[in-house]
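Step one of this worksheet: look at the structure below.
These values consider heavy atoms only, across backbone and side chains, with no hydrogens, waters or symmetry-generated copies.
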Amino acid sequence: MVLRGARPFADSGFVTATVMSHGRQVVARSKLRGKVGVVGGVQLHFTARRSGTYKVAIRLFRDTDPNHLVAGKLIAVHVVDPHVGAGSHGLGVKLLQKGLHSLAYVTPQNGSFGPATGRAVLAFRKTNNMARTMSADHSVLAKLFRHQGGFTLKYPNAGKHVEFDWSRQVLVLARGDVAERIYHASSGKPSTPTVFGSFRFYRRQAGTNHLGMVWTTYFYGGYAIHGYHSVPTFAASHGCIRVPIPNSHSIYRWLNLGDTIFVYH
């Protein structure tokens with residue numbers, strides 16, 4: 001951890017750094033001298049043995065007299081389990097959900113890892129060409145904590161529109177150059193492929209039809225976006241773009257007839 005922007009050290013100045021967990025001192029460092037007259041940072045290396053919230057107290061002194069305190073700062077550091085998945089709860093899940101939400105992946109932010117969060121993790125993994133699973137490991141969390149891994153739109157000047165990236169099997173609802181929602185999806189299998197190109201939505205069908213298609217919006221002939229009971233990680237439909245049933249109604253409501261969809265690979 002690094003404290004940036006500290007005041008210049010005097011020749012005899014020093015810093016103390018203390019790490020606390022549940023009211024107990026875990027590690028302490030003192031007399032971490034800096035270069036004379038140079039504004040810089042304080043760097044403390046610390047390996048946490050368990051997850052939780054640690055408090056780090058940084059104090060800068062003018063000289064070796066502990067009464068000559070110049071500045072101080074208390075920092076809360078959240079250490080999370082680098083592996084979270086179905087059934088997980090707590091701060092690690094909440095931070096995961098916050099990171100996903102900030103990048104437009106659709107998930108609740110309740111600190112509980114349920115199916116909706118699993119689908120958001122899968123969409124994130126597919127977008128970033130990672131293994132197509134519904135659990136989050138260190139590689140997922142590391143990207144999210146750096147605010148990396150969002151979807152780069154191919155048509156940022158298209159106004160309100162939809163993009164479906166066939167190669168990654170990801171559906172994106174966008175407004176201008178902003179991706180508003182990113183979903184895991186599954187399109188036509190090789191024997192019944194999805195059509196590529198740009199189209200406009202022209203017909204809607206509420207509820208569930210006789211084919212099991214849920215909250216359907218058509219964009220070309222019988223090709224549509226709809227909810228379905230099976231949405232695998234790969235292309236598997238008869239040509240339509242399947243989305244998970246729990247997401248289908250909100251997608252249906254977001255879409256308007258006349259909106260454009262771009263289907264590409």
(message) Tell me whether Arg181 contacts the main-chain N or O of Ser250 through its side chain, where contact means a donor paired with an acceptor under 3.5 Å.
(response) yes
(request) Nearest 0.5 Å please: distance from the CG atom of Asn247 over to the CG atom of Leu171. (result) 9.5 Å
(message) In the structure I gave you, are the side-chain heavy atoms of Leu122 and Thr133 within less than 4.5 Å of one another anywhere?
(response) no
(request) Count the heavy atoms of every other residue, nucleotide or ligand shown that sit under 6.0 Å from NZ of Lys160, and state whether that count exceeds 12. (result) yes
(message) Atom CZ of residue position Arg24 - does it have more than 12 heavy atoms of other residues, nucleotides or ligands inside 6.0 Å?
(response) no
(request) Report yes or no: do His238 and Thr192 form a side-chain donor-acceptor pair below 3.5 Å? (result) no
(request) Specify the closest pair of heavy atoms between Ala235 and Trp166, including all atoms of both residues, with the distance to one decimal. (result) CB-NE1, 4.3 Å
(message) Is it the case that the side chains of Gln169 and Thr233 hold a donor-acceptor pair, with the cut-off being a distance below 3.5 Å and no angle test?
(response) no
(message) For a 4.5 angstrom cut-off between non-hydrogen side-chain atoms, does Val263 reach Thr194?
(response) yes
(message) Which residues pass the side chain to side chain donor-acceptor pair (under 3.5 Å) test with Gln148, not counting sequence neighbours?
(response) Arg146
(request) With rounding to the nearest 0.5 Å, note down the distance linking CG in Leu255 to OG1 in Thr217. (result) 5.0 Å
(request) On the 0 to 90° scale, with breaks at 30° and 60°, tag the Phe219-Tyr223 ring pair as parallel, tilted or perpendicular. (result) tilted
(message) Suppose we call two aromatic rings close when their centres sit under 6.0 Å apart. Are Tyr155 and His161 close by that rule?
(response) no
(message) Using every non-hydrogen atom in the two residues, find where Phe113 and Val84 come nearest and quote the distance to one decimal.
(response) CE1-O, 3.9 Å
(request) Heavy atoms only: give me the nearest Val121-Ser135 pair and the separation to one decimal. (result) CG1-O, 3.4 Å
(request) Flag yes if Val170 and Leu173 sit in one hydrophobic cluster, no otherwise; membership is Ile, Leu, Val, Met, Phe, Trp, Tyr, and two members link when side-chain heavy atoms are under 4.5 Å apart. (result) no
(request) Can you sort out the partners of Arg125 under salt bridge (Lys or Arg N to Asp or Glu O under 4.0 Å), two or more places apart, ordered by chain and number? (result) Asp137
(message) Quick check: do Phe151 and Leu103 have side-chain heavy atoms less than 4.5 Å from each other?
(response) no
(message) Can you give me the closest heavy-atom contact between Trp254 and Ala174, atom names plus distance?
(response) CH2-O, 3.3 Å
(message) Can you confirm whether the side chains of Arg242 and Ser186 place a donor and an acceptor under 3.5 Å from each other?
(response) no
(message) Quick one, Asn157 and Asp177 - any side-chain contact, counting heavy atoms below 4.5 Å?
(response) no
(message) Here's one to test your reading of the geometry: is the NZ or CZ of Lys154 within 45 degrees of the ring axis of Tyr264 and under 6.0 Å from its centre?
(response) yes
(message) A side-chain contact here means heavy atoms from C-beta on lying under 4.5 Å apart; do Leu96 and Thr117 qualify?
(response) yes
(request) Evaluate whether atom NE2 of His101 has more than 12 neighbouring non-hydrogen atoms of other residues, nucleotides or ligands under 6.0 angstrom away. (result) no
(message) Restricting to non-hydrogen atoms, name the atom on Thr216 and the atom on Asn209 that form the minimum distance, rounded to 0.1 Å.
(response) OG1-ND2, 4.5 Å
(message) Are the side chains of Asn110 and Val93 in contact, using a 4.5 Å heavy-atom criterion?
(response) no
(request) Would you confirm whether Gln97, through its side chain, and Gly111, through its main-chain N or O, come within 3.5 Å as a donor-acceptor pair? (result) yes
(request) Could you grab the distance from atom CG of Leu211 to atom CD of Gln205, nearest 0.5 Å is fine? (result) 8.5 Å
(request) Output the distance between atom NZ (Lys126) and atom OH (Tyr183), rounded to the nearest 0.5 Å. (result) 14.0 Å
(message) How close do Asn256 and Asp259 get, counting heavy atoms only, and between which atoms?
(response) N-OD2, 2.9 Å
(message) Can you tell me how the ring of Phe199 sits relative to the ring of Tyr220, calling it parallel under 30°, perpendicular over 60° and tilted otherwise?
(response) tilted
(request) Would you check if Trp215 and Arg204 make a side-chain contact, meaning some heavy-atom pair closer than 4.5 Å? (result) no
(message) What's the separation between atom CZ in Phe164 and atom OG in Ser187, rounded to the nearest 0.5 Å?
(response) 3.5 Å
(message) Does any part of the side chain of His226, heavy atoms only, come nearer than 4.5 Å to the side chain of Ser248, both counted from C-beta?
(response) no
(request) State the NZ-OG distance between Lys94 and Ser112, to the nearest 0.5 angstrom. (result) 10.0 Å
